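Sharing a structure here in structure tokens format.
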Amino acid sequence: MDRVPTLLPLRAHPLARPHAWEIVAGHGAAFTVVVDVARGPGSGRDPAYTAALSRLAAAGVRLLGYVDVDLSTRPVDRIRADVYRWAGYPVQGVFLDNVPVSPHSIGPVAIAARLAQRADLPDVVLNPGGPPDQTYRDLGLPICVFDGSWRDYRRWNGAGALPGDGHLVHAVPPWELDEAARLQVSRGAGFGIVTDLGAPDPYADLPAWCGQVPGLAELNPPTPLPRRPRPHRLINAGSGLPGSAAAAGSVGRSRTTGS
């Protein structure tokens with residue numbers, strides 16, 4: 001079945017969910033992964049993440065570091081600090097989350113994108129979670145125009161979206177994952193994710209379909225019923241791990257990462 005290229009926000013710690021990282025590595029270049037250590041890169045280098053990210057990079061996985069713009073209310077110096085901490089990890093760019101849609105709030109977003117490019121992190125993706133003002137299009141960056149539930153995605157009329165935009169769809173019943181993937185294709189999405197996980201965090205683990213990799217499928221068998229993220233003990237490997245988030249007022253957004 002045709003799917004749009006996968007952008008996967010991943011907040012499972014590599015020591016708490018090693019199987020998830022193995023499965024992602026098996027998908028290789030088919031995946032772009034948004035990595036979230038602690039609502040960003042954390043306050044210091046986490047050696048577990050450094051090792052895990054190096055393995056994914058060696059497998060051809062494209063990696064983006066999570067940066068919360070917080071609707072352009074977050075101080076630019078904190079955004080700058082996050083961007084430059086990500087430059088110490090083997091990532092190729094950043095995922096700017098909670099991007100506002102108003103043209104009057106674009107300044108910090110444009111600054112964050114320039115900072116990433118200066119830090120040799122050229123791949124920048126914006127996630128307002130809804131169609132933004134045209135001024136954001138002028139930045140020439142990929143934009144996620146939907147980040148919300150399957151229920152809302154089916155009701156969404158797609159106004160303001162363009163072919164090639166990102167669609168992040170969560171809380172999809174496992175038996176409707178293929179239907180959700182087909183709807184993404186028919187709506188012209190250029191990248192995105194469909195996941196059966198929902199509240200409180202749709203990106204705390206992998207979607208059920210991710211286990212369908214030759215030689216790894218047995219690690220993640222089909223799930224008969226909708227799942228909630230499995231609780232797990234947070235592991236502090238040097239940076240501390242709170243968990244990530246979506247822009248208020250955006251179509252179908254729930255505040256997570258993450259996406």
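Here, residue 1 is the first one in the sequence, and each next residue gets the next number. Any value given below was found using the heavy atoms of this structure, including those in side chains, with hydrogens, waters and symmetry copies removed. Since this is a predicted model, take the numbers as computed values, not measurements.
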(request) For the residue pair Val33 and Thr6, establish whether any side-chain heavy-atom pair is separated by less than 4.5 Å. (result)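 Side chain of Val33 against side chain of Thr6, heavy atoms only: no contact under 4.5 Å found.
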(message) Looking at Arg85 and Asp82, is there a salt bridge between them, counting it only when a charged N and a carboxylate O are closer than 4.0 Å?
(response) yes
(message) Quick check on salt bridge (Lys or Arg N to Asp or Glu O under 4.0 Å): which of Asp70, Asp97, Asp68 does Arg39 satisfy it with?
(response)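 That would be Asp68.
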(message) If I take atom CG from residue Leu197 and atom CG from residue Asp201, how far apart are they, to the nearest 0.5 angstrom?
(response)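 If I round to the nearest 0.5 Å, the distance is 8.5 Å.
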(request) Kindly say whether Cys210 contributes a backbone atom to a donor-acceptor pair with the side chain of His27 at under 3.5 angstrom? (result)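 Checking the backbone N and O of Cys210 against the side chain of His27, a donor-acceptor pair under 3.5 Å is found.
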(message) So, taking the atom named CZ in Arg137 and the one named CG in Asp165, what distance separates them when rounded to the nearest 0.5 Å?
(response)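 The CG atom of Asp165 is 4.0 Å from CZ of Arg137, to the nearest 0.5 Å.
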(request) Determine whether Val4 and Tyr153 fall in the same hydrophobic cluster, where Ile, Leu, Val, Met, Phe, Trp and Tyr are linked whenever their side-chain heavy atoms lie under 4.5 Å apart. (result)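 The answer is no; the residues belong to distinct hydrophobic clusters.
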(request) May I ask you to decide whether Glu176 forms a salt bridge with Arg154, counting only side-chain N to carboxylate O separations under 4.0 Å? (result)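 Here Glu176 pairs with Arg154 in a salt bridge, since their nearest N and O are under 4.0 Å apart.
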(message) Measuring from atom CG of Leu10 to atom CG of Asp205, what distance do you get when rounded to the nearest 0.5 angstrom?
(response) 8.0 Å
(request) Applying side chain to side chain contact (heavy atoms under 4.5 Å, CB included) between Val35 and each of Phe95, Tyr49, Tyr66, report the one that passes. (result) Tyr49
(message) Is the terminal nitrogen or CZ of Arg187 (NZ for Lys, CZ for Arg) located under 6.0 angstrom from the six-membered ring centre of Phe146 and within 45° of that ring's axis?
(response) no
(message) Please tell me whether Asn127 and Asp147 have a donor and an acceptor in their side chains that are separated by less than 3.5 angstrom.
(response) yes
(message) Any heavy-atom pair between the side chains of Asp77 and Arg80 that's under 4.5 Å?
(response)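 A side-chain contact exists here, since the closest heavy-atom pair is under 4.5 Å.
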(request) Could you check if a side-chain atom of Val125 sits within less than 4.5 angstrom of a side-chain atom of Cys144, using non-hydrogen atoms only? (result)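 When only atoms from C-beta onward are counted, Cys144 and Val125 do touch, with a gap below 4.5 Å.
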(message) When you group the ILVMFWY residues by side-chain heavy-atom contacts below 4.5 Å and let the links chain together, are Val194 and Val185 in the same group?
(response)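 Shared cluster, no.
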(message) For Ala57 versus Pro90, what's the shortest heavy-atom pair and its separation?
(response) CB-O, 4.4 Å
(message) I'd like to know whether Arg17 forms a side-chain contact (heavy atoms from CB on, under 4.5 Å) with Ile23, so could you lay out the CA-CA distance, the side-chain angles of the two residues, the decisive distance to 0.1 Å, and finally the verdict.
(response) CA-CA 10 Å; Arg17 293 282 185 267; Ile23 290 170; over 6 Å; no
(request) Say whether, by atom type as modelled, one donor and one acceptor occur between the side chain of Ser102 and the main chain of His104 under 3.5 angstrom. (result) yes
(request) May I ask whether Val169 and Leu162 are part of the same hydrophobic cluster, defined by side-chain heavy atoms of I, L, V, M, F, W, Y residues being less than 4.5 angstrom apart, directly or through others? (result) no
(request) Could you go through the side-chain contact (heavy atoms from CB on, under 4.5 Å) check for Leu53 and Trp21 one step at a time? (result) CA-CA 9 Å; Leu53 290 175; Trp21 290 74; 3.9 Å; yes
(request) Could you check if a side-chain atom of Leu183 sits within less than 4.5 angstrom of a side-chain atom of Ser186, using non-hydrogen atoms only? (result)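 In contact.
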(request) Kindly give the heavy-atom pair with the smallest separation between Gly42 and Val37, and that separation in Å. (result)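 So the two residues come closest at N-CB, 4.4 Å.
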(message) How close do Tyr203 and Pro9 get, counting heavy atoms only, and between which atoms?
(response)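 That would be CB-O, 3.4 Å.
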(request) Report yes or no: does Asp196 contribute a side-chain atom to a donor-acceptor pair with the main-chain N or O of Val172 at less than 3.5 Å? (result)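 A pair under 3.5 Å: no.
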(request) Please report the closest heavy-atom contact between Ala59 and Ala25, naming both atoms and the distance. (result)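 So the two residues come closest at CB-O, 3.6 Å.
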(request) Kindly determine whether Leu63 and Leu56 satisfy side-chain contact (heavy atoms from CB on, under 4.5 Å), including the steps that lead there. (result) CA-CA 8 Å; Leu63 300 168; Leu56 292 191; 3.9 Å; yes
(request) Begin from the C-alpha positions of Val34 and Leu8 and carry the test side-chain contact (heavy atoms from CB on, under 4.5 Å) through to its verdict. (result) CA-CA 6 Å; Val34 178; Leu8 172 68; over 6 Å; no
(request) Side-chain contact test, heavy atoms from C-beta onward, threshold under 4.5 Å: evaluate it for Leu7 versus Ile193 and give yes or no. (result)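 A side-chain contact under 4.5 Å is absent here.
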(request) Identify the two heavy atoms, one from Ala12 and one from Ala204, that lie closest to each other, and give their separation to 0.1 Å. (result) CB-O, 3.5 Å
(request) Measure the shortest side-chain to side-chain distance between Leu96 and Leu141 over non-hydrogen atoms and say whether it is less than 4.5 angstrom. (result) no
(request) Supply the atom-to-atom distance Thr195 OG1 to Leu206 CG, rounded to the nearest 0.5 angstrom. (result)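 Separation between the atoms: 8.5 Å.
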(message) In terms of relative ring orientation, are Trp209 and Phe31 parallel, tilted or perpendicular, with 30° and 60° separating the classes?
(response)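 Answer is perpendicular, since the angle exceeds 60°.
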(message) Main chain of Ser105, side chain of Ser72: is a donor-acceptor contact present, judged purely on distance under 3.5 Å?
(response)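 Side chain of Ser72 to backbone of Ser105: a pair is present.
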(message) For His167, is there any backbone N or O sitting under 3.5 Å from a side-chain donor or acceptor partner on Gln184?
(response) yes
(message) Ignoring hydrogens, what is the shortest heavy-atom contact between Arg74 and Ile79? Give both atom names and the distance.
(response) O-CD1, 3.9 Å
(message) Main chain of Val94, side chain of Trp86: is a donor-acceptor contact present, judged purely on distance under 3.5 Å?
(response)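 No, Trp86 side chain to Val94 backbone: no donor-acceptor pair under 3.5 Å.
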(request) State which residue, out of Val91, Leu121, Val124, Asp123, fulfils the side chain to side chain contact (heavy atoms under 4.5 Å, CB included) condition with Leu64. (result) Asp123
(message) So, taking the atom named NE2 in His170 and the one named CG in Leu168, what distance separates them when rounded to the nearest 0.5 Å?
(response) 7.5 Å
(message) Can you tell me how far apart CZ (Phe191) and CD1 (Ile143) are? Round to the nearest 0.5 Å.
(response) 8.5 Å
